[in-house]
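Numbers restart at 1 for each chain; the letters A, B, ... are given by sequence-line order, proteins then strands. Values reported hereafter were calculated over all heavy atoms of this structure, with side chains retained and with hydrogens, waters and symmetry mates removed.
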2 protein chains.
Amino acid sequence: MATSLIRRQLAVPLQRTLCLRAPGCRFVSKTAAKTHVEFDYDGPSMKTSVPGPRSQELLKQLGEIQNVGAVNFFCNYDDSRGNYLVDVDGNRMLDLYTQISSIPIGYNHPALLKLMANPNNLSTFVNRPALGILPPENFPDKVTESLLSVAPSGMSRVQTMSCGSCSNENAFKSIFIWYRNKERGLSGPTAEDLSSCMLNQAPGCPDLSILSFTGAFHGRTMGCLATTHSKAIHKLDVPSLDWPIAPFPRLQYPLEEFSRENEQEEARCLEEVEDLIVKWRQKGKPVAGIVIEPIQSEGGDNHATADFFRKLRIIAQKHGCGFLVDEVQTGGGGTGKFWAHEHWGMDDPADIVSFSKKLMTGGYFHKDELQADKPYRIFNTWMGDPSKNLFLAEVLNVIRRENLLEEVARSGKALMNGLYELQAQYPGLLSRARGQGTFCAIDVRDAETRERITLQTRDKGVILGGCGEKSIRFRPALIFKEYHVHLFLNIFNDVLAQHK
Amino acid sequence: MATSLIRRQLAVPLQRTLCLRAPGCRFVSKTAAKTHVEFDYDGPSMKTSVPGPRSQELLKQLGEIQNVGAVNFFCNYDDSRGNYLVDVDGNRMLDLYTQISSIPIGYNHPALLKLMANPNNLSTFVNRPALGILPPENFPDKVTESLLSVAPSGMSRVQTMSCGSCSNENAFKSIFIWYRNKERGLSGPTAEDLSSCMLNQAPGCPDLSILSFTGAFHGRTMGCLATTHSKAIHKLDVPSLDWPIAPFPRLQYPLEEFSRENEQEEARCLEEVEDLIVKWRQKGKPVAGIVIEPIQSEGGDNHATADFFRKLRIIAQKHGCGFLVDEVQTGGGGTGKFWAHEHWGMDDPADIVSFSKKLMTGGYFHKDELQADKPYRIFNTWMGDPSKNLFLAEVLNVIRRENLLEEVARSGKALMNGLYELQAQYPGLLSRARGQGTFCAIDVRDAETRERITLQTRDKGVILGGCGEKSIRFRPALIFKEYHVHLFLNIFNDVLAQHK
């Protein structure tokens with residue numbers, strides 16, 4: 001029972017020495033640090049193979065209802081806490097994947113449980129409003145206290161949505177509306193605009209496009225999917241739009257060691273972006289907006305330099321394209337800053353920034369001019385969910401109170417150092433270690449070995465995720481401390497040793 | 001404070017005589033019935049004009065953050081209960097619009113508050129999982145207990161999603177995947193399929209289409225929006241797809257009085273459907289699916305007969321098109337049956353049925369063959385929200401325990417009788433009364449008068465919604481009793497009298 005966790009936390013030992021699994025490994029000399037996560041467990045504990053017998057039983061049951069091919073195992077969320085996910089067979093795993101990077105401050109955080117116990121919050125959960133027409137009294141305050149307190153530079157407006165895909169879909173729509181209004185100037189839509197759009201035809205439904213990048217992932221609804229190019233299985237058989245796709249830089253890591261090569265690669269990609277903008281304008285499908293992730297996540301944790309993004313931003317401005325930075329996976333602190341785009345050091349980083357996952361609610365920030373000129377243009381029944389704003393406000397309190405962004409930077413440094421060491425130790429197996437904060441990744445020899453290593457690591461009690469063709473991505477919660485880094489590195493090292 | 005409502009309910013008088021506002025009105029002779037809604041208020045109570053001073057203050061505050069052009073007023077959801085929405089200025093209104101038809105059993109229903117007080121449910125709210133990979137232990141049971149217990153005929157599979165648009169987007173994708181797999185037969189996708197789809201090109205992203213109807217509303221993300229044709233403001237400036245749009249029958253009401261004319265009109269529309277399917281196949285954009293609402297809601301509460309839907313279903317089968325029934329607004333009991341398509345009396349009404357709103361979670365049921373053949377084809381981070389399934393399970397318990405579908409049928413009959421009487425009384429003002437259950441509508445002389453009547457009715461304490469060009473739609477909760485019908489009719493009559 002989740003409530004009992006708050007009480008039980010006191011029984012958890014706060015300090016322990018590191019598990020010395022592999023006598024020859026490089027991380028045994030580290031002294032154990034306090035976990036500083038008071039509601040955490042003290043380490044993984046595996047009781048069965050995974051999926052265990054109970055998970056297999058449930059897989060069979062759910063298989064009668066849904067395709068369960070992607071289900072790893074079933075979870076006991078009541079007993080999960082902090083950095084540890086507990087499954088239905090009693091296996092307790094250190095979680096470096098956190099529900100596809102969507103759990104900000106660990107499982108059953110006492111602050112969130114406390115929020116649930118507050119009777120003043122009850123009606124927010126029970127009465128989900130149509131936010132666009134009948135918002136609750138505390139909505140402006142809650143949005144100000146939560147989302148606006150982390151608004152990207154230059155943005156004071158935000159629209160909540162229910163999920164990441166809806167956020168990007170509506171961000172695209174905001175860009176299209178803004179772009180057409182710019183074209184129209186002071187005159188409103190023509191009668192032909194209004195009649196043709198009802199039939200899906202131009203000029204009312206104009207032939208505008210969004211420029212995206214190879215390897216990008218922006219969601220799976222049809223508009224988003226036209227800008228997603230991560231894996232064929234995401235796109236196969238779904239009709240799409242003839243929108244331009246620019247190459248995302250394929251950099252060499254560590255970035256600072258290959259600055260000359262990377263600069264050339266980025267210049268090549270930027271040139272291609274401009275060429276495509278011109279080409280699509282000539283084609284009669286002008287590029288109304290550019291969408292990009294600060295770090296391509298599903299597509300393989302592909303980084304680009306701050307210089308690349310600054311130049312891309314200038315290209316967008318030069319050609320009158322809206323600039324949408326998709327922070328659905330990168331936002332919320334994992335990179336050591338609240339937004340990954342803060343690493344670019346820009347006052348005016350974007351026109352729109354979309355978010356979801358760790359922010360508990362979907363949505364997007366935007367500059368004033370990107371606000372739709374009329375009501376009901378950006379609209380749906382729910383327009384988000386105020387109960388998620390409650391959680392977010394509390395998550396932000398915890399992040400500030402516990403200096404979690406600094407902690408992430410510290411853990412991230414330890415994680416990167418560990419990955420560099422492992423990569424040096426297993427040169428034929430690992431390569432291209434890269435990351436910001438704890439938002440890190442490393443490449444494995446091939447896809448098959450990546451799968452095997454991921455499963456073997458899980459069997460030893462650590463959950464990892466894959467991305468791209470053969471990368472492992474690390475997406476721990478913001479409460480992942482140096483202590484957990486070393487715990488992970490020891491176990492990972494054990495697994496890698498088998499593949500040497 | 002919401003929790004105190006359970007205790008306070010006992011103080012609410014359960015019986016009262018009807019308010020005799022208009023001495024000459026046709027509804028004063030009705031004797032008052034028990035409300036049977038024990039946590040309800042006993043009537044509207046207006047203290048200020050709407051939006052009142054506090055709402056106006058908040059409008060200004062929220063206006064700094066968002067476009068507030070669609071906001072009616074701000075609500076006090078703590079104090080709202082049953083059929084009554086309370087605003088921040090203390091105005092208490094009988095709600096016949098229920099957050100765009102999305103509140104199933106009224107505000108702060110004791111059963112839902114009780115659910116929140118159960119500590120066993122806490123972790124479901126606090127730890128939102130990535131359902132597609134790591135579902136909670138009780139997920140199969142909860143889905144079985146909730147959604148599967150109301151599965152449409154012929155369907156035993158269901159996929160949850162976060163909102164109505166995502167539900168339809170993914171239903172479209174399921175249809176496209178199913179359609180292409182049928183075409184391929186036993187062979188899998190070709191290398192060309194896999195490479196071309198990464199570039200948004202055929203054959204991997206095939207030029208397939210979804211046939212929709214004039215006046216339809218299926219959501220606002222880009223795929224959905226290509227099938228939405230309700231109002232220009234929903235579609236203007238957003239690029240779309242060249243998909244076929246068939247005429248939705250424009251029937252005369254009451255349906256049974258115009259059966260010959262309506263039959264002709266429906267035959268005309270069905271013929272057009274077949275013509276379009278042939279035409280789009282010749283165009284190289286085969287119709288993979290047909291999407292339709294059982295009652296077009298946003299588009300103006302347009303009905304068609306059971307015969308029309310049965311014949312349309314046959315056309316879909318004849319041409320190998322998936323048949324998607326969008327029950328986002330009609331589903332959940334408002335028509336007096338749980339699904340509006342049950343009124344068609346078919347064993348095999350559809351291939352897919354999408355839902356959201358009153359079901360608290362989005363999603364879609366589908367026949368076995370519509371399940372994607374591989375994992376990760378229908379996928380996103382959250383894939384719904386188990387906390388909403390908890391609410392739905394409880395809502396369904398209440399519906400069964402209190403025989404709410406029968407109650408809706410009874411209230412609906414009283415509402416329709418009242419609307420017929422009013423329409424006879426105000427022939428130049430009202431026309432085309434129509435409905436199933438309490439899912440009713442009536443047309444007003446013109447759009448401007450509709451707006452005025454809606455606002456005047458609200459000023460007297462009743463919330464109504466508009467739809468289509470000049471219709472008023474009635475979307476009360478399932479706990480809307482005959483007592484409330486008469487309360488509404490009296491107030492509505494008062495307002496109409498001013499327009500005679």
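Between chain B and the residues S196(A), A232(A), G164(A), the most heavy-atom pairs under 4.5 angstrom are made by A232(A). Interface summary for chain A: among P203(B), G106(B), P135(B), the most heavy-atom pairs under 4.5 angstrom belong to P135(B). Chosen from L131(B), D242(B), L194(B), the residue pairing most often with chain A at heavy-atom distances under 4.5 Å is L194(B). Top candidate by heavy-atom pairs under 4.5 Å with chain B, chosen from V328(A), N168(A), L147(A), D141(A), is D141(A). For the options E137(A), M116(A), R180(A), H229(A), heavy-atom pairs under 4.5 Å to chain B are most numerous at E137(A). Of the listed residues (V88(A), L134(A), L112(A), T98(A)), the greatest number of heavy-atom pairs within a distance under 4.5 Å of chain B belongs to L134(A). Comparing G69(A), P140(A), G132(A), C163(A) by how many heavy-atom pairs each has under 4.5 Å with chain B, the most go to P140(A). Comparing I177(B), T214(B), V143(B) by how many heavy-atom pairs each has under 4.5 Å with chain A, the most go to I177(B). The residue among C75(B), S387(B), G223(B) with the most heavy atom pairs within less than 4.5 Å of chain A is C75(B). Per-residue heavy-atom pair counts under 4.5 Å with chain A were compared for K285(B), Q201(B), K388(B), M161(B), and the maximum is reached by K388(B). Contact tally against chain A (heavy-atom pairs below 4.5 Å) for S195(B), A151(B), C205(B), C224(B): the top residue is C205(B). Ranked by heavy-atom pairs shorter than 4.5 Å toward chain B, the options I133(A), V71(A), T381(A) are led by I133(A).
Contact of I103(B) with chain A is made through the side chain alone, with heavy-atom distances under 4.5 Å. At a 4.5 Å heavy-atom cutoff, I175(B) makes no contact with chain A through either its backbone or its side chain. Of the two parts of I245(B), only the side chain, counted from C-beta on, holds a non-hydrogen atom closer than 4.5 Å to a non-hydrogen atom of chain A. Interface remark: Q371(B) contributes side-chain atoms only to the contact with chain A (heavy atom separation under 4.5 Å). For chain A, the nearby part of E64(B) is the backbone; its heavy atoms alone come within less than 4.5 Å. N200(B) touches chain A through backbone and side chain together, each having a heavy atom under 4.5 Å away. Heavy atoms of L85(A) lying under 4.5 Å from chain B belong exclusively to its side chain. With a threshold of 4.5 angstrom between heavy atoms, F391(B) approaches chain A through side-chain atoms but not through N, CA, C or O. Both the backbone and the side chain of V126(A) come within less than 4.5 Å of a heavy atom of chain B. Contact annotation for L115(B): neither backbone nor side-chain heavy atoms come within less than 4.5 Å of a heavy atom of chain A. Contacts of P189(B) with chain A are made by side-chain atoms alone, with heavy-atom separations under 4.5 Å and no backbone atom involved. K231(B) touches chain A through its backbone: at least one of N, CA, C or O sits under 4.5 Å from a heavy atom, while the side chain does not. S212(B) does not touch chain A: none of its heavy atoms, backbone or side chain, sits under 4.5 Å away. Interface remark: S102(B) contributes side-chain atoms only to the contact with chain A (heavy atom separation under 4.5 Å). Neither the backbone nor the side chain of S209(A) comes within contact range of chain B; no heavy atom of the residue lies under 4.5 Å from a heavy atom of that chain. Heavy-atom distances place no part of D87(B) under 4.5 Å from chain A, backbone and side chain included. Heavy atoms of V238(B) lying under 4.5 Å from chain A belong to its backbone as well as its side chain.
Taking both residues in full, the closest heavy atoms of A70(B) and P375(A) are given as N-CB, 3.5 Å, listed atom of the first, atom of the second, then distance. Counting all heavy atoms, side chain and backbone alike, Q66(A) lies closest to R157(B) at N-NH1, 3.4 Å. The two atoms that bring Y77(B) and S123(A) nearest to each other are C-OG, 3.7 Å, heavy atoms only. The minimum heavy-atom distance linking K173(B) with H234(A) is given by the pair NZ-O, 4.4 Å.
From N170(B), atom CG reaches atom OG1 of T221(A) across 8.0 Å, with rounding to the nearest 0.5 Å. A distance of 10.5 Å separates CD1 of I65(A) from CD of Q159(B), quoted to the nearest 0.5 Å. Between atom CE of residue M222(A) and atom OG of residue S240(B) there is a gap of 9.5 Å, rounded to the nearest 0.5 Å. Atom CH2 of residue W382(B) and atom CD1 of residue I100(A) lie 11.0 Å apart, to the nearest 0.5 angstrom. Interatomic distance, CG of D237(B) versus CH2 of W178(A), reported as 13.0 Å (0.5 Å rounding). Separation of atoms CG (D385(A)) and OG (S162(B)) is listed at 9.5 Å; rounding is to 0.5 Å.
Remark: K235(A) does not engage D193(B) in a salt bridge, criterion side-chain N to carboxylate O under 4.0 Å. Comment: E169(B) does not engage R220(A) in a salt bridge, judged by the lack of any side-chain N to carboxylate O separation of less than 4.0 angstrom.
Listed for the Q99(B) side chain is a donor-acceptor partner under 3.5 Å among the backbone atoms of A130(A). With hydrogens and angles ignored, the 3.5 Å screen pairs a side-chain donor or acceptor of R377(B) with a backbone N or O of L236(A).
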List the steps and the verdict of side-chain contact (heavy atoms from CB on, under 4.5 Å) for M198(A) and T228(B).
CA-CA 8 Å; M198(A) 294 296 273; T228(B) 285; over 6 Å; no
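Remark: the N67(A) side chain and the K374(B) side chain contain no N/O donor-acceptor pair separated by less than 3.5 Å. Between the side chains of N127(A) and N108(B), at least one donor-acceptor pair of N or O atoms lies under 3.5 Å.
In this structure, F74(B) has its ring center no closer than 6.0 Å to that of F139(A).
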